[in-house]
Amino acid sequence: DSKILGKKVAYEIYLPFKENDAKISYPVLYLLHGHGGDETNWFKKEQGNIPFILDSLRCIEKVPPMVAVSFDAENSWYVDRKEKMESFYLEEFIPFMEANYPIDSRQGRYIGGNSAGGYGSLRFALRRPDWFQSVILLSPASYEPLPPAISSSRKIEAFALNGVFNDSIWHHYSYTRLWDTFRSSDKKPTFYLSVGDDDVYNIVPVVTTLQQLMFHQQIPYELRITDGGHDWICWRANISDALVSIFSERK
């Protein structure tokens with residue numbers, strides 16, 4: 001029940017324990033879905049399949065047990081526009097999860113998303129750089145300066161004025177407007193940037209632009225341009241790679 005949004009919000013959660021282990025707390029992975037998605041995408045076998053990925057990586061001791069959670073942001077693109085989705089997520093949802101589930105963010109709080117979810121993950125990390133240890137950006141639709149005609153961002157209310165995509169609104173929510181404040185933060189997460197080389201939404205330049213910005217300003221990052229498209233096959237492989245990288249560096 002969200003006071004900020006004035007409605008119920010659906011979420012799905014993966015818990016790594018049996019009933020007799022419920023008193024143990026775990027790190028948490030927050031997952032954001034893409035355009036047209038909902039809270040189930042990261043959990044469906046044919047899509048994100050995150051329970052299987054986490055179980056498998058845990059069995060071969062590549063990652064520790066952790067909680068994973070996703071919620072239904074509809075087509076908000078995670079901004080405070082038609083609805084205050086950013087405010088809800090940062091001010092209500094994360095505190096709710098960590099108050100009601102066996103999560104210990106001191107062990108690690110991670111965020112990631114695909115496409116529009118990557119767009120949201122980047123903005124959340126820049127808003128709260130001290131909150132997240134690592135940020136996993138899978139084909140992030142964080143176009144700069146403007147999205148291409150094919151982008152779904154041009155077809156939604158979040159970036160429209162009188163039903164028409166508006167350049168100024170898109171610019172208002174650009175990650176570049178958050179960058180200077182982010183740079184001044186004492187604590188910054190490590191970013192994991194990835195994209196398929198056959199991405200039909202032209203996100204390769206988005207990722208390489210971010211990589212150059214991070215390289216020149218000494219923001220910690222890892223970059224992967226892999227074989228694949230704008231699809232779950234690519235995202236499953238790249239989130240697995242990112243999680244292994246994150247926890248191999250922590251050992």
Side-chain angles (χ1 to χ4, degrees), residues 25-32 62-64 66-70 73 77-80 85-95 97-98 103-145 171-195 203-225 235 238-251:
S25 294
Y26 303 91
V28 59
L29 172 63
Y30 290 103
L31 294 166
L32 306 185
K62 294 295 185 181
V63 305
M66 71 179 76
V67 174
V69 62
S70 189
W77 280 57
Y78 306 93
V79 298
D80 282 354
M85 198 60 69
E86 178 184 288
S87 296
F88 160 72
Y89 199 70
L90 297 177
E91 297 172 21
E92 277 191 324
F93 188 74
I94 288 178
M97 298 306 302
E98 297 183 9
I103 294 169
D104 181 1
S105 61
R106 293 170 297 180
Q107 296 185 45
R109 184 192 283 130
Y110 310 96
I111 190 167
N114 59 303
S115 194
Y119 175 95
S121 297
L122 176 59
R123 294 191 79 257
F124 290 163
L126 299 184
R127 284 281 189 200
R128 298 287 188 272
D130 57 327
W131 280 20
F132 303 103
Q133 280 70 37
S134 301
V135 183
I136 303 170
L137 305 181
L138 307 164
S139 311
S142 303
Y143 299 103
E144 180 61 31
H171 289 313
H172 177 77
Y173 291 105
S174 171
Y175 70 84
T176 60
R177 295 174 64 89
L178 304 173
W179 198 263
D180 287 343
T181 301
F182 165 73
R183 283 184 63 197
S184 66
S185 174
D186 293 333
K187 186 178 179 182
K188 299 178 182 67
T190 298
F191 291 85
Y192 291 81
L193 313 171
S194 67
V195 64
I203 293 181
V204 172
V206 174
V207 168
T208 55
T209 296
L210 280 166
Q211 181 269 337
Q212 284 293 291
L213 187 60
M214 293 175 183
F215 174 80
H216 289 294
Q217 298 183 9
Q218 298 182 316
I219 308 299
Y221 74 89
E222 290 287 335
L223 171 67
R224 302 288 188 273
I225 299 178
W235 297 328
N238 285 331
I239 197 168
S240 297
D241 178 76
L243 290 168
V244 171
S245 296
I246 287 168
F247 290 101
S248 65
E249 290 173 3
R250 289 189 56 180
K251 289 182 180 179

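From a predicted model like this one, the values you see are computed outputs, not experimental measurements.
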Just by distance, do the side chain of [X] and the backbone of [Y] share a donor-acceptor pair under 3.5 Å?
| X | Y | result |
| --- | --- | --- |
| Lys62 | Phe247 | no |
| Arg177 | His172 | yes |
| Arg123 | Tyr173 | yes |
| Ser121 | Leu137 | no |
| Thr181 | Leu178 | no |
| Asp80 | Ser87 | yes |

Given side chains that start at C-beta, do those of [X] and [Y] come closer than 4.5 Å, heavy atoms only?
| X | Y | result |
| --- | --- | --- |
| Pro140 | Ile203 | yes |
| Glu144 | Thr176 | yes |
| Ile136 | Leu243 | yes |
| Val79 | Tyr119 | yes |
| Ile219 | Trp179 | yes |
| Lys187 | Gln133 | yes |
| Tyr192 | Asp241 | no |
| Asn114 | Ser139 | no |

Looking at every non-hydrogen atom in both residues, tell me the closest pair between [X] and [Y] and how far apart they are.
| X | Y | value |
| --- | --- | --- |
| Arg109 | Trp131 | NH1-O, 2.9 Å |
| Met97 | Tyr30 | CB-OH, 3.8 Å |
| Val69 | Val28 | CG1-CG2, 4.5 Å |
| Met85 | Ala73 | CE-O, 3.8 Å |
| Leu138 | Ile239 | CD2-N, 3.9 Å |
| Ser134 | Pro189 | N-CB, 4.1 Å |

Spacing of [X] atom [atom1] and [Y] atom [atom2] [to the nearest 0.5 Å]:
| X | Y | atom1 | atom2 | answer |
| --- | --- | --- | --- | --- |
| Leu122 | Leu32 | CG | CG | 11.0 Å |
| Phe124 | Arg128 | CZ | CZ | 10.0 Å |
| Gln217 | Lys188 | CD | NZ | 9.5 Å |
| Thr190 | Phe132 | OG1 | CZ | 14.0 Å |

**Report entry** Heavy atoms from other residues, nucleotides or ligands near CD of Gln212 exceed 12 (cutoff 6.0 Å)
**Finding:** yes

**Report entry** Distance-only polar pair, side chains of Gln107 and Ser25, donor-acceptor under 3.5 Å
**Finding:** no

Query raised in the report: Can you tell me if Gln211 and Tyr221 form a side-chain donor-acceptor pair at under 3.5 Å?
Result: yes

Query raised in the report: Using 30° and 60° as the class limits, which term best fits the ring planes of Tyr89 and Phe93: parallel, tilted or perpendicular?
Result: parallel

